[in-house]
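Report on one structure; see the data block that follows.
The first residue of the sequence shown is numbered 1, and numbering continues consecutively from there.
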Amino acid sequence: MALFQTPPAKKPDAPPRTPVSARDVAAQADARRGAAARPRAEPVADFSMTGASLIEWSPVRTSAIEVGQVSPGMCTVLENAALLYASGQTQPARALLEQGIVSDHDAKNSPLAWLALFDLHQRVSDRAAFDQLALTYVVQFERSPPPWEGDDKPAAVSPPKLSGGGYTLITGKLTAATAPQIEAFRKNIAKAAGPMRLDLAQVAGFDDAGARLLSDALAEARKRRVSLALQKPDKMRAALDILVRRGREAGEGTWLLSLELLQFDGKQDAFEERAIEYAVAFEQSPPSWEPPPPAAGVASSPAEEAAADETSGSADAVEWTGVMSGPSPSAMAAIAEHAHAHPVIVIDMTGVARVDFVCAGALLNTINRVESQRKAVQIAGASPIIRALLLLIGISPRHFLKKAQ
């Protein structure tokens with residue numbers, strides 16, 4: 001009889017499993033770092049999610065981007081679909097969700113996965129697929145499906161371009177394509193017989209070419225001694241103040257527009273200081289202080305007031321529109337600038353078509369920096385597929401608000 005038993009043979013270590021999803025990537029990264037379990041975040045709506053590790057974005061060290069580990073509330077199918085859509089692959093993301101809510105248990109029981117699929121059907125204008133999904137959704141969750149926002153939605157009343165008193169409204173992003181709107185404004189300046197108003201409330205941004213167009217038009221009004229009142233220029237003024245800090249890189253049109261606004265604001269000291277900075281940056285003579293005549297008060301028409309009301313709800317919000325890609329430094333700077341004057345910063349994503357992975361990471365870093373200053377950040381109007389990406393990247397569910405209908 002043997003005194004010592006033969007120890008059992010040691011099984012060879014299993015080879016590391018190749019990650020197949022964003023969740024696997026996060027889990028393996030945590031295993032390598034020996035990360036402790038993360039605290040749970042507050043539940044929101046019909047799903048919940050654990051807290052996530054921070055993501056550090058840098059234009060040099062892109063390897064610092066990490067995906068936060070999430071709870072079963074964000075299923076693997078939805079995570080991968082969100083990443084596909086973020087990279088511009090709408091159809092593969094849609095197909096993955098369509099298959100997932102049928103064959104994957106977690107996706108089938110995730111309301112956000114279904115809402116993301118509704119979102120994608122809406123984006124490609126597939127009403128038939130949307131209605132068919134609505135029937136299945138009612139059976140699965142015993143609640144009403146989201147409404148289709150398209151043909152049945154009443155058309156918005158177009159705000160007036162011109163009305164009594166020489167009122168002009170400029171809309172959209174100021175680019176070279178805005179030339180027809182600027183030309184119409186110039187014609188009104190040429191035939192102005194009294195006070196005029198230029199409404200900038202619906203300007204959604206600008207590039208250097210668009211800034212130069214508007215700057216030239218304002219300079220023309222100023223030299224013609226037209227009594228011109230600028231309405232709601234605050235967002236544009238704040239963006240210009242941020243951009244000119246880059247010096248020559250901001251573009252000459254941006255500098256000239258900022259100088260014009262300072263003249264219309266009657267801020268001579270600030271104008272002269274910036275004029276010197278402009279002269280140094282572009283090696284030109286500084287422009288002279290030649291302010292326009294004081295703007296006379298002109299009563300708004302009911303139609304103009306209604307148009308202003310449509311934009312006033314977002315006056316205290318940082319608005320994002322279109323496709324948000326890359327680090328988006330101007331968008332992040334606008335959030336930081338907004339934080340100087342507001343304890344709560346609302347980011348309105350109603351008009352956002354897509355947010356890519358890098359931009360989402362930059363947003364997370366910006367939120368962390370702002371909240372380290374004892375400020376709060378809230379996100380309104382993010383569609384389900386975009387919300388899924390932001391949750392995946394590590395933004396907490398507590399940041400999301402439902403936009404008032």
Side-chain angles (χ1 to χ4, degrees), residues 161 168-189 196-224 226 228-267 270-292 295 311 315 318-324 326-338 351:
K161 300 296 179 185
T168 302
L169 174 67
I170 296 180
T171 62
K173 184 175 180 179
L174 280 177
T175 65
T178 317
Q181 293 189 59
I182 301 297
E183 183 59 30
F185 175 50
R186 284 178 175 273
K187 290 179 180 178
N188 294 329
I189 293 172
M196 292 186 59
R197 285 167 297 147
L198 178 63
D199 193 339
L200 302 173
Q202 294 192 33
V203 174
F206 56 87
D207 60 16
D208 193 60
R212 182 180 285 274
L213 283 173
L214 181 56
S215 170
D216 291 345
L218 291 176
E220 182 178 341
R222 184 168 48 80
K223 291 172 182 177
R224 287 177 176 269
V226 173
L228 175 65
L230 302 182
Q231 297 182 331
K232 299 184 183 297
D234 296 342
K235 287 191 293 184
M236 179 177 291
R237 186 188 298 115
L240 288 167
D241 288 343
I242 295 170
L243 289 173
V244 296
R245 296 173 190 169
R246 303 180 186 176
R248 190 184 184 94
E249 182 185 347
E252 190 172 4
T254 298
W255 276 86
L256 292 173
L257 180 55
S258 72
L259 289 167
E260 285 297 332
L261 290 187
L262 287 173
Q263 296 225 52
F264 276 87
D265 290 342
K267 298 179 178 179
F271 171 86
E272 291 178 348
E273 181 180 349
R274 186 160 294 176
I276 294 173
E277 294 173 350
Y278 165 79
V280 172
F282 295 92
E283 300 177 356
Q284 297 188 25
S285 299
S288 302
W289 171 256
E290 299 174 357
T311 60
V318 177
E319 292 189 55
W320 282 14
T321 58
V323 176
M324 303 297 297
S328 302
S330 59
M332 304 307 157
I335 297 172
E337 187 73 15
H338 206 71

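- Looking at Phe264 and Leu198, their side chains never come closer than 4.5 Å, going by heavy atoms from C-beta outward.
- A 4.5 Å side-chain heavy-atom check between Arg248 and Trp255 finds every atom pair outside the cut-off.
- The side-chain heavy atoms of Glu277 and Val244, taken from C-beta on, include no pair separated by under 4.5 Å.
- The two atoms that bring Pro233 and Leu200 nearest to each other are CB-CD1, 3.9 Å, heavy atoms only.
- Looking at every heavy atom in both residues, Leu218 comes nearest to Leu257 through CD1-CD1, 3.9 Å.
- Counting heavy atoms from C-beta on, the side chains of Gln202 and Leu169 come closer than 4.5 Å.
- At least one side-chain heavy atom of Ile170 sits less than 4.5 Å from a side-chain heavy atom of Ile182.
- Of all non-hydrogen atoms in Ser215 and Glu260, the two that sit nearest each other are OG-CG, 3.6 Å.
- Side-chain atoms of Ser288 do not come within 3.5 Å of backbone N or O of Glu290 as any donor-acceptor pair.
- In this structure, Pro327 and Met332 approach most closely via the heavy-atom pair O-CG, 3.6 Å.
- Distance check: Leu240 CG to Leu259 CG gives 9.5 Å after rounding to the nearest 0.5 Å.
- In this structure, Thr178 contributes its side chain and Lys173 its backbone to a donor-acceptor pair below 3.5 Å.
- Put simply, the side chain of Arg222 does not reach to within 4.5 Å of the side chain of Ile189, judged on heavy atoms.
- Here Gln231 contributes atom CD and Thr168 contributes atom OG1; the two are 10.0 Å apart, rounded to the nearest 0.5 Å.
- A distance of 12.0 Å separates CG of Asp241 from CE of Met236, quoted to the nearest 0.5 Å.
- In this structure, CD in Glu273 is found 12.5 Å from NZ in Lys267, a value given to the nearest 0.5 Å.
- For Arg186, the salt bridge (charged side-chain N to carboxylate O under 4.0 Å, His left out) partners are Glu220, not counting sequence neighbours.
- In terms of modelled atom types and a separation under 3.5 Å, the side chain of Gln181 and the main chain of Thr171 share a donor-acceptor contact.
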Under 3.5 Å, side-chain donor or acceptor atoms of residues 280-287 against the rest of the protein: list the pairs with distances, not counting sequence neighbours.
{"residue": "Gln284", "atom": "OE1", "partner": "Tyr278", "partner atom": "OH", "Å": "3.3"}
{"residue": "Gln284", "atom": "NE2", "partner": "Glu252", "partner atom": "OE2", "Å": "3.2"}

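- Contact check for Trp320 versus Ile335: side-chain heavy atoms found under the 4.5 Å cut-off.
- Between Ala201 and Lys232 the shortest heavy-atom distance is CB-CD, 3.2 Å.
- Between the CG atom of Leu213 and the CG atom of Asp208 there is a distance of 10.0 Å, given to the nearest 0.5 Å.
- Residues Thr254 and Phe206 are in side-chain contact: their nearest non-hydrogen atoms beyond the backbone lie under 4.5 Å apart.
- A search for salt bridge (charged side-chain N to carboxylate O under 4.0 Å, His left out) contacts involving Glu337 returns Arg245, not counting sequence neighbours.
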